[in-house]
Amino acid sequence: MGELREILLGLGFKDSEIAADRRLRAHLALDSTETIELEQELQKRFGIVVDLWDKHDFTVAELVELIESARTHGTQEVPGA
C-alpha cells in the first residue's frame, strides 16, 4: 500500500483520503488528468496496464492486489471488471 499511497499523495490527495476501501472515482473523484497519470505510474513502476476508464471503479485495495500480483507474476494487462 505504501507505494500506491506515495503515488496518490503525489497526485495531490491527502493522506486521510487514502484508505483501502476508497473507490478511485466515487470517493477520491479522480479527474481525467489524475486518471492518466495514475495509469502511467502503475505501468512505469509495476509493469501493469490497468484501464481506469472502464465502468469498474477500482478500490485502493484492488490496486494494491494488482501491484502485488504483478510483482509475483510479472508484467500484465488488467481488464476492467
Side-chain angles (χ1 to χ4, degrees):
M1 175 100 161
E3 289 176 280
L4 181 56
R5 180 179 301 278
E6 180 183 310
I7 294 169
L8 293 171
L9 289 171
L11 291 174
F13 293 97
K14 296 177 185 170
D15 194 51
S16 62
E17 297 175 306
I18 304 167
D21 64 341
R22 297 290 176 118
R23 295 205 173 272
L24 298 178
R25 291 190 307 262
H27 299 124
L28 298 179
L30 255 68
D31 65 25
S32 59
T33 301
E34 293 163 340
T35 300
I36 291 169
E37 289 178 15
L38 180 55
E39 285 180 338
Q40 290 174 342
E41 278 298 312
L42 292 172
Q43 185 171 10
K44 182 173 102 178
R45 290 190 190 203
F46 310 111
I48 58 175
V49 178
V50 183
D51 181 2
L52 299 177
W53 298 94
D54 197 17
K55 65 181 174 180
H56 180 70
D57 190 5
F58 287 92
T59 64
V60 171
E62 288 172 327
L63 287 184
V64 169
E65 287 177 28
L66 294 175
I67 291 166
E68 290 173 1
S69 179
R71 286 190 168 140
T72 303
H73 301 101
T75 302
Q76 60 186 347
E77 185 164 341
V78 181

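These numbers come from a predicted model, not from an experiment.
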For the pair Asp51 and Asp54, evaluate side chain to side chain contact (heavy atoms under 4.5 Å, CB included) and give the outcome as yes or no after the intermediate values. CA-CA 6 Å; Asp51 181 2; Asp54 197 17; 3.8 Å; yes
Return yes if some donor-acceptor pair links the side-chain N/O of Asp57 with the main-chain N/O of Ala26 below 3.5 Å, else return no.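 Yes.
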What is the distance from atom CZ of Phe58 to atom CG of Leu52, rounded to the nearest 0.5 Å?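 Output value for this atom pair is 6.5 Å.
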Straight-line distance of Leu24 CG to Leu30 CG, nearest 0.5 Å: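 One finds 5.5 Å between CG of Leu24 and CG of Leu30.
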Check step by step if side chain to side chain contact (heavy atoms under 4.5 Å, CB included) holds for His56 and Arg23. CA-CA 10 Å; His56 180 70; Arg23 295 205 173 272; 4.2 Å; yes
CA sep, side-chain torsions, deciding dist, call: Ile48, Gln43, side chain to side chain contact (heavy atoms under 4.5 Å, CB included): CA-CA 5 Å; Ile48 58 175; Gln43 185 171 10; over 6 Å; no
Return each pair, listed once, that meets salt bridge (charged side-chain N to carboxylate O under 4.0 Å, His left out) where at least one residue sits in residues 24-40; pairs must be two or more places apart or across chains.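 For residues 24-40: none.
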Applying side chain to side chain contact (heavy atoms under 4.5 Å, CB included), can you list everything that pairs with Ala29, at least two apart in sequence or on another chain?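 Ala29 satisfies side chain to side chain contact (heavy atoms under 4.5 Å, CB included) with no other residue.
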Only counting residues at least two apart or in another chain, list the ones meeting side chain to side chain contact (heavy atoms under 4.5 Å, CB included) with Ala61.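 Ala20, Thr59.
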Determine, stepwise, if the pair Phe46 / Leu66 fulfils side chain to side chain contact (heavy atoms under 4.5 Å, CB included). CA-CA 9 Å; Phe46 310 111; Leu66 294 175; over 6 Å; no
Heavy-atom pair with the smallest gap, counting every atom of Leu4 and Val60: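 Of all heavy-atom pairs spanning Leu4 and Val60, the closest is CD2-O, 3.6 Å.
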In residues 8-18, what donor-acceptor pairs under 3.5 Å come from side-chain atoms, sequence neighbours left out?
from, atom 1, to, atom 2, distance (Å)
Asp15, OD1, Arg5, NH1, 2.7
Glu17, OE1, Lys14, N, 2.6

